[in-house]
There are 2 protein chains.
Amino acid sequence: MARATGVSRQTVSRAINNMTQIDPATRDRVLAVARDMGYRPSRHARGMMRRSTTTVGLVIPDVLNPFFTEVVAGALEAAKSRGWQLIMYTTDSALDQEKPLSESIAAQVDACIAFLLDPDAIAAIAGSGIPFVLLGNEDQAGSVSKVRIDFESGLREAFDHLAARGHLHIGMIDDRKRTASGRPDARTRLYTTAAMEAGLRIEPEWIQQATNSIDGGAAAMERMMREAPEVTAILCYNDILAIGAMRHAMARGLAIPESCAFIGVDDIPISALVDPPLTTVHVDKRRIGQAAIEQLAAQMSSGASMADTVIRTRLVVRAST
Amino acid sequence: MARATGVSRQTVSRAINNMTQIDPATRDRVLAVARDMGYRPSRHARGMMRRSTTTVGLVIPDVLNPFFTEVVAGALEAAKSRGWQLIMYTTDSALDQEKPLSESIAAQVDACIAFLLDPDAIAAIAGSGIPFVLLGNEDQAGSVSKVRIDFESGLREAFDHLAARGHLHIGMIDDRKRTASGRPDARTRLYTTAAMEAGLRIEPEWIQQATNSIDGGAAAMERMMREAPEVTAILCYNDILAIGAMRHAMARGLAIPESCAFIGVDDIPISALVDPPLTTVHVDKRRIGQAAIEQLAAQMSSGASMADTVIRTRLVVRAST
DNA sequence: CTGAAAGCGCTAACAA
DNA sequence: TTGTTAGCGCTTTCAG
């Protein structure tokens with residue numbers, strides 16, 4: 001306390017917060033001393049008195065992935081409009097980072113929204129009692145509030161679109177890590193379902209697993225061309241893989257979309273800029289972030305959680321098909 | 001306090017933090033009650049006792065700009081390795097948001113790193129006494145610790161490269177907002193300097209101001225083609241503008257690089273993927289974020305701030321020149 | 001193993 | 001205008 005230094009007492013408080021009812025001279029003196037000894041009010045002590053701004057944790061796998069970046073933008077915007085703060089956490093897309101992170105997070109924030117796959121990690125946060133919204137994980141038990149993405153609508157459109165163009169051999173480039181996690185994404189399931197419903201057969205080698213990156217997509221395409229040359233259209237787990245695969249196909253001399261058509265998922269900004277522009281299943285990513293914050297707000301005010309938000313998707317047809 | 005509910009007293013603390021020296025039975029009972037009444041330890045009260053994790057504020061103009069995204073990734077990584085947290089703040093690239101944000105920020109975090117232009121905003125944070133590192137604003141007074149980007153090296157390479165290819169009429173597409181702020185970026189100054197040193201003339205209409213987006217770049221290119229058709233090479237404020245301009249030029253029938261060459265700045269991931277791949281001045285964006293955290297750490301331990309970090313740049317030649 | 005007391009750094013209420 | 005008292009919610013002595 002500056003009481004020892006300045007001649008005055010806890011009246012420093014009045015000075016620091018420059019309240020009224022204080023002699024300007026005293027205030028200045030206190031402030032001067034405070035500056036000299038590098039005094040800084042404690043965030044926590046303050047937070048205890050004034051009811052501080054709510055701080056929400058946001059867990060995403062990877063900041064460099066434009067998909068999550070847009071979710072962050074949406075959440076940030078919604079948070080800012082409520083005067084809330086956002087603390088960013090990253091799992092580096094590593095399943096084994098989820099658990100330790102989740103265990104420490106509840107102590108740091110007032111509420112949390114997170115992309116998480118590990119059930120234990122999800123349980124850790126949900127069990128901590130803080131308001132919580134889970135993102136993009138549809139096969140989680142119903143006890144936790146969710147914002148989920150309805151890929152079915154868009155993916156069905158995609159399949160119909162390809163079928164209408166006469167494609168009979170439709171392959172898929174999937175996310176290896178996601179598949180390996182034992183909790184395959186809805187996209188994978190929907191691909192199989194849609195093919196069956198359309199009466200199309202699928203061979204195992206028509207599904208290639210890829211590391212989630214441009215190069216990963218290219219590598220998967222290389223294998224696809226070697227092992228399944230009969231495939232004339234490829235549905236990709238996301239735009240990044242689609243772009244990597246498409247570029248590789250072009251480099252290897254395939255004409256697009258004549259020899260092979262490509263469809264991505266997400267509709268990240270770059271997809272409209274590549275050549276040829278990528279046909280893709282559009283997801284309103286900002287809306288995911290916004291909706292998550294809104295659900296958090298609902299939990300915090302009413303106590304009860306509101307109904308899950310479902311983000312619809314739709315096909316955006318461009319030149320790659 | 002759970003003392004009223006559970007039969008026991010502040011020994012809940014022992015239970016909550018599951019310390020040793022407590023009867024498992026008692027612990028479980030306390031925990032059960034705590035869960036039932038939705039008890040959650042207060043972040044702040046805790047932070048007062050245990051010295052809590054340092055929380056650093058990170059201010060950037062825009063999360064959706066891949067340049068800043070990579071800076072965030074670098075900062076996040078460096079922060080995580082120290083066990084620090086990052087709170088994200090955004091100014092939405094609006095100069096007038098900087099001041100109010102800066103004034104409230106010091107109370108929320110233990111330290112701060114920020115992309116800021118408004119001198120008042122900078123002074124507000126610097127004056128608050130928290131450890132502070134300013135990013136990318138080179139013409140700020142020397143009193144504040146900085147990580148700055150040395151565009152000169154890379155930009156000089158870029159000019160030499162264009163000159164070596166015989167370009168005599170080199171234009172520039174600049175960032176309108178940055179120019180309008182009255183604090184033009186070093187890039188703008190260096191463009192003029194480099195041209196003079198190379199003995200090249202510059203006409204006013206060779207410098208077009210653009211809104212910082214793909215479309216903004218396209219619009220600026222449209223004006224450039226109309227007002228300065230003699231220009232055969234264009235240096236752009238950043239890759240986004242360059243890509244927008246280049247695409248528009250192609251759409252209008254220009255051959256690239258034969259009719260017009262383009263050079264960007266930043267080397268964001270997309271630049272290598274567009275067609276033709278963009279020649280650009282590479283900036284190590286992750287390093288900016290890392291360096292900022294390192295300088296913060298230096299300030300917090302030694303008290304004195306370490307020397308500013310300078311991020312070197314270099315030209316990456318691709319097919320657009 | 002459990003309870004009582006003291007105090008973290010600050011602010012709010014009331015006196016002086 | 002300034003000082004005093006009390007207490008925010010928790011952890012940490014030190015006794016019981």
Side-chain angles (χ1 to χ4, degrees), chain A residues 1-55 85 103-111 128-131 300, chain B residues 1-55 85 103-111 128-131 300:
Chain A
M1 287 294 245
R3 89 155 57 171
T5 61
V7 203
S8 42
R9 338 250 139 175
Q10 288 91 317
T11 316
V12 263
S13 181
R14 289 197 249 269
I16 298 293
N17 302 302
N18 65 39
M19 299 163 55
T20 124
Q21 301 185 330
I22 185 178
D23 184 35
T26 328
R27 194 214 353 251
D28 293 348
R29 187 156 40 88
V30 174
L31 255 33
V33 175
R35 194 173 332 107
D36 287 351
M37 53 186 292
Y39 166 85
R40 295 208 330 99
S42 144
R43 203 158 38 96
H44 295 300
R46 276 214 163 140
M48 272 185 68
M49 299 278 78
R50 349 219 234 233
R51 186 172 71 279
S52 64
T53 51
T54 57
T55 299
Q85 294 185 317
E103 278 162 350
S104 71
I105 210 171
Q108 318 276 18
V109 298
D110 302 312
S128 75
I130 63 174
M300 301 181 81
Chain B
M1 288 293 248
R3 90 159 53 174
T5 59
V7 203
S8 43
R9 336 251 140 174
Q10 288 90 320
T11 315
V12 261
S13 182
R14 289 195 249 269
I16 298 292
N17 302 300
N18 66 36
M19 301 163 57
T20 120
Q21 301 187 327
I22 186 178
D23 185 34
T26 326
R27 195 216 350 254
D28 292 348
R29 187 158 37 90
V30 174
L31 255 33
V33 175
R35 193 171 334 105
D36 288 350
M37 54 186 291
Y39 165 85
R40 295 208 331 102
S42 143
R43 208 155 35 94
H44 294 299
R46 275 215 161 138
M48 271 183 70
M49 299 278 79
R50 351 218 235 231
R51 186 171 72 280
S52 65
T53 52
T54 53
T55 299
Q85 295 185 317
E103 278 161 351
S104 72
I105 209 172
Q108 317 276 19
V109 299
D110 302 311
S128 76
I130 64 174
M300 302 181 83

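By convention in this document, chain letters (A, B, ...) are assigned in the order of the sequence lines, proteins followed by strands, and residues within each chain are numbered from 1.
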S13(A) side-chain proximity, nearest of dC10(D), dG9(C), dT11(C):
dT11(C)
Please determine, for the side chain of T26(A), which listed nucleotide (dG9(C), dC1(C), dT1(D)) has the closest atom?
dT1(D)
Locate the shortest heavy-atom distance separating P41(A) from R46(A); write the atom from each residue and the value.
CG-NH1, 3.6 Å
Just to verify, what does D23(A) make a side-chain contact (heavy atoms from CB on, under 4.5 Å) with, not counting sequence neighbours?
A25(A), T26(A)
Any base atoms under 4.0 Å from R27(B), or only sugar-phosphate, or nothing? Heavy atoms, all strands.
nothing
So, using side-chain hydrogen bond (donor to acceptor under 3.5 Å, both in side chains) as the criterion, who are the partners of R43(B) when residues are at least two apart?
D110(A)
Using Watson-Crick and G-U wobble pairs with both distances under 3.5 Å, what is the 5'-to-3' dot-bracket string of DNA chain D, with [ ] for crossing pairs and | for pairs outside the strand?
||||.|||||||||||
Would you mind reading off the distance between R43(B) atom CZ and dC8(C) atom C1', rounded to a whole angstrom?
17 Å
For DNA chain C, whose closest nucleotide is more 5', that of R46(A) or that of M49(B)?
M49(B)
Could you report the tightest heavy-atom contact between P131(B) and M300(B), atom names first, then the distance?
CG-CG, 3.6 Å
For a side-chain contact (heavy atoms from CB on, under 4.5 Å) check, start with the C-alpha distance between M48(B) and M48(A), then their side-chain angles and the critical distance, and finish with the verdict.
CA-CA 9 Å; M48(B) 271 183 70; M48(A) 272 185 68; 3.3 Å; yes
Between M48(B) and I22(B), the residue closer to the 5' end of DNA chain C by nearest nucleotide is I22(B)
Can you figure out which of dT11(C), dT2(D), dC10(C) approaches the side chain of R14(A) most closely?
dT2(D)
Could you tell me how far apart R50(B) (CZ) and dT13(D) (P) are, to the nearest whole angstrom?
14 Å
Would you name the heavy atoms of A45(A) and S42(A) that are closest together and state the gap between them?
N-OG, 3.0 Å
